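The figures that follow rest on heavy atoms only: side chains count, while hydrogens, waters and symmetry mates do not. The first residue in the sequence is number 1, and the count goes up from there. All values reported here derive from a predicted model rather than from experimental measurement.
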Amino acid sequence: MAIHPVPPARRAEQVPDADGPWRDPALRPEERVADLAARMTLEEKAAQLYGIWVGADAEGDGVAPHQNDMVDTVDFEEITTRGLGQLTRPFGTAPVDPGVGAVALARAQARIAEAGRFGIPALAHEECLAGFTAWGATAYPVPLAWGASWDPELVAEMARRIGEDMRSVGVHQGLAPVLDVVRDLRWGRVEETIGEDPYLVGTVATAYVKGLESAGIVATLKHFAGYSASAGARNLAPVRAGAREMADVILPPFEMAVRESGVRSVMHSYAEIDGLPVAADPALLTGLLRETWGFTGTVVADYFGIGFLETLHKVAADRGDAARLALTAGVDVELPTVRGYGDALVAAVREGSVPEELVDRALRRVLLQKCELGLLDPAGTALPTALDGVEPERARGAVDLDPPRNRALARRLAERSCVLVANRDGALPLAGTGRIAVVGPRADDALAMLGCYSFPSHVGVSYPDIPRGIEIPTLLDALREEFPGARLDFRQGCDVDGDDTSGITPAAELAADADVCVAVLGDRAGLFGRGTSGEGCDAADLSLPGRQAELLDALLATGTPVVLVLLTGRTYALGAHADRLAGCVQAFFPGEEGAPALAGILSGRVNPSGRLPIGIPRSPGGQPWTYLQPPLGRAGGVSNLDPTPLHPFGHGLSYTSFAWGPVSGAPDELPTDGGTDLGLTVTNTGDRDGAEVVQLYVHDPVAQTTRPESRLIGYARVPLAAGESRRVRFRFHADLVSFTGTRGTRIVEPGDLELRFAASSDPADVRRTVRLRLTGPERTVDHRRTLVCATSSAPVSAAD
């Protein structure tokens, strides 16, 4: 792309003095932005609406879809004479020492400020889906593991820590969290989601946003909306979801986050919904998001999403036309680099095809955000806080983005996210003596712990000669440390994928001579077909990848007890193996401390408390399917196919036992605008500390549209010492059972309901049932309704 600076003569005749009231922090941001915008040329306005991606090129393995087709050469010195809206991934494009990177970013910002007339730095953004995606930064568990923890408070703490690390080196915006609800387990990006239920996704994501924003980082909701409902689970495939699926499943997590979290940015999705690309949909990006929900922040493009209107969706004739569609819809910022919002947009405005008012609308939002971040204040010379007291020339090694407190937090979240799926006859915890055969392609690979947006998997794999930057124990290493009194031997057995079976027989022979076999199977995270899980790594079915099922069958055939450990980005069908396993532990890419966490669960040092955020299927086909099914979506005599999962959403076991008391506070009737506090006592009846997850579901026996058999509307993670009892309270409101009625509006309908306190979504796991009747008129509700079922717990004394 040819980039031309604004001619000096034009700047001189069109623009008054560049200094003015906009520099005064004492004025209201709106006044400052209005003053500044009035001083800008059209070229300078447009420059605030795009980013540039320094270091990205069209060669090698890309980290964004069609990167090799979409990246244009940009002259940094030339383009910044107009100013610049964003800097794309200064830490996440290539391995760079954090201290050196912080100095380089500060110097780049100084060059940007010096080049433009107004001295405004760019807003720097990074990925932060499983930690700050930078070399040497803590690799936390992936979002699916956050969902498995059922612990929003811990997720918020992690997000705050991520945000503090990003802010300390000069980053302003994080492209997370993902609020897509899983609709098909074959989709490659399942690992990036929080689960298959909109309430779980919404509450955990909202907590993440609050944590990130509390550190001063602009959080970015993605991918708004519909992305996870792609046809055939293919990345970027069209979405054919109906209006009710959108309203009741896809949109509620975004609605909750916008309403509850203070989020300041939203990223449009790549999806086209019923033929209309989201990037060109004003009803979604402006009508719903802004005019109905009241969102006031910035809408940013998913990488190359504006260009895709021309190249993939074929709804735009050229770059200027793509810019027109996106700007009209409400996309304020083009990422990752300039394509449509640069010269093409300027030309379209000058020829009259794009009203300049649309540029001004986006400009106001961008500048208001920069004002909030202090980027319009009088320029300072201070380096990022991580470099306080550090000479720039000595910055290498001076910044630690993986300190012990980060690792301890990563360990805690990993421990809480691992799910004990099955434990036959008390096979777990392991005794830790005798001969233990450790078998499988994921046992001795550190990258088995990381998802595709962790830096070593996302970028580091393209730089094999550069150290990973963080310590990542393998599970084999952790088991050897955990069981010093046992004899551990290892065989890989097979690769993660591929057809080589030559190692299966030696692995089975090793297992046959052991007292117990730990089979460590799963995924390799990657991008665009370079892995078995991750962006663009969609699965044809839910069989274990490669020849891993054959390996598992061979191990089970030996007669040695086999404990299966799964390190995956989705769940896989286990029905063919389940009745022969001694035990099964599911981990979703648990991060750099995942191996010690798993070893602790296998040894019993850690009592597992994770619960499944997605079900484990019985057979590899039958997709798409999640637990949110109306009667005809479940097993029945009308079809020979039974989609019932082997282990349902919400399932998870413990090494202790729990008893649930009766529910108090439940009225027989409640008005359709009413609420009540429901309470029950949960007791740890075992001999060791643990945590129970009390889940509240609604079952609506008769409704004007078909409803799921059950739907999560509240949950509480309850830690309990051995023998301890706690009183758990749920603040139920009728709004929580609202749904989209026959007229297309959200309603609370009078009639009978069942509130089910359960250990999972399976009706067989219901512990207590409350039957009540909603009375009064049908109510129409909107985004101002009660969205969250608040919970609390308090200890119960023996006297009580």
Side-chain angles (χ1 to χ4, degrees), residues 1-8 11 40-94 96 101 104-127 170-173 175 300-311 318-320 322-323 326-327 331-349 359 362-363 366 370 375 459:
M1 172 185 292
I3 303 294
H4 303 288
V6 180
R11 294 187 351 194
M40 287 181 160
T41 66
L42 177 59
E43 288 83 355
E44 288 167 333
K45 292 176 181 180
Q48 292 297 318
L49 308 186
Y50 56 71
I52 59 173
W53 195 356
V54 178
D57 57 38
E59 304 298 325
D61 296 331
V63 297
H66 289 267
Q67 177 180 325
N68 296 348
D69 305 326
M70 302 294 285
V71 169
D72 291 337
T73 300
V74 173
D75 186 318
F76 182 87
E77 302 298 340
E78 196 174 355
I79 197 170
T80 52
T81 59
R82 306 174 177 189
L84 183 64
Q86 293 240 357
L87 274 174
T88 292
R89 300 182 66 174
F91 291 87
T93 299
V96 57
L105 175 57
R107 288 174 173 167
Q109 293 282 34
R111 288 163 61 194
I112 291 167
E114 291 168 2
R117 292 187 310 115
F118 298 100
I120 303 171
L123 191 153
H125 76 260
E126 287 287 353
E127 299 283 0
V171 176
H172 306 101
Q173 181 171 0
L175 303 187
V300 302
D302 203 345
Y303 283 14
F304 308 116
I306 295 173
F308 289 165
L309 294 175
E310 174 196 359
T311 62
D318 52 32
R319 295 185 183 196
L327 205 58
V331 182
D332 302 309
V333 180
E334 180 176 34
L335 297 179
T337 196
V338 59
R339 182 178 172 89
Y341 277 15
D343 287 345
L345 175 59
V346 170
V349 172
V359 176
L363 177 69
V366 168
K370 286 195 170 187
L375 298 180
V459 176

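Judged by distance alone, with hydrogens and angles left aside, the side-chain atoms of Glu126 form a donor-acceptor pair with the main-chain N or O of Gly92 at under 3.5 Å. A donor-acceptor pair is defined here as one N or O able to donate and one able to accept, closer than 3.5 Å; no such pair exists between the side chain of Glu334 and the backbone of Ile306. Side chain of Thr93 to main chain of Pro90: no donor-acceptor pair is present (N/O by atom type, distance under 3.5 Å, no hydrogens or angles).
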Verdict with supporting geometry, Phe118 and Gln48, side-chain contact (heavy atoms from CB on, under 4.5 Å) | CA-CA 12 Å; Phe118 298 100; Gln48 292 297 318; over 6 Å; no
Go through the steps for Gln86 and Val333 under the test side-chain contact (heavy atoms from CB on, under 4.5 Å), then give the verdict.
-> CA-CA 8 Å; Gln86 293 240 357; Val333 180; 4.0 Å; yes
Go through the steps for Tyr341 and Val331 under the test side-chain contact (heavy atoms from CB on, under 4.5 Å), then give the verdict.
-> CA-CA 10 Å; Tyr341 277 15; Val331 182; 3.8 Å; yes
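Here the OG1 atom belonging to Thr337 is positioned 7.0 Å from the CZ atom belonging to Phe304, to the nearest 0.5 angstrom. Atoms NE2 and CG, on His172 and Leu105 in that order, are 7.5 Å from each other to the nearest 0.5 Å. Here His125 contributes atom NE2 and Leu87 contributes atom CG; the two are 9.0 Å apart, rounded to the nearest 0.5 Å. Of the inter-residue distances, the one linking Ile120 atom CD1 with Met40 atom CE reads 4.5 Å to the nearest 0.5 angstrom. To the nearest 0.5 Å, atoms OG1 (Thr311) and CG (Asp318) are separated by 12.5 Å. Remark: Lys45 NZ to Arg82 CZ distance equals 14.5 Å, nearest 0.5 Å.
Applying side-chain contact (heavy atoms from CB on, under 4.5 Å) to Arg89 and the options Val459, Val171, Val54, Leu175 leaves one that passes, Val459.
For Gly320 against Ala344, the heavy-atom pair with the smallest separation is N-CB, 3.8 Å. Contact record, Pro336 with Thr88: O-OG1, 2.6 Å, taken as the closest heavy-atom pair. Heavy atoms only, all atoms of each residue included: Ala46 and Val346 are closest at CB-CG2, 4.0 Å. Shortest non-hydrogen contact noted between Tyr303 and Phe308 is O-CE1, 3.9 Å. A pairwise comparison of heavy atoms in Gly340 and Ala323 identifies O-CB, 3.4 Å as the closest pair.
Under the 4.5 Å side-chain criterion, counting only non-hydrogen atoms from C-beta, Asp332 is not in contact with Val300. With a 4.5 Å cut-off on side-chain heavy atoms, Ile112 and Phe76 count as touching. Asp343 is not listed as a side-chain neighbour of Arg319, based on a closest heavy-atom distance of 4.5 Å or more. Proximity of Tyr50 to Leu345: side-chain heavy atoms (C-beta onward) are nowhere separated by under 4.5 Å.
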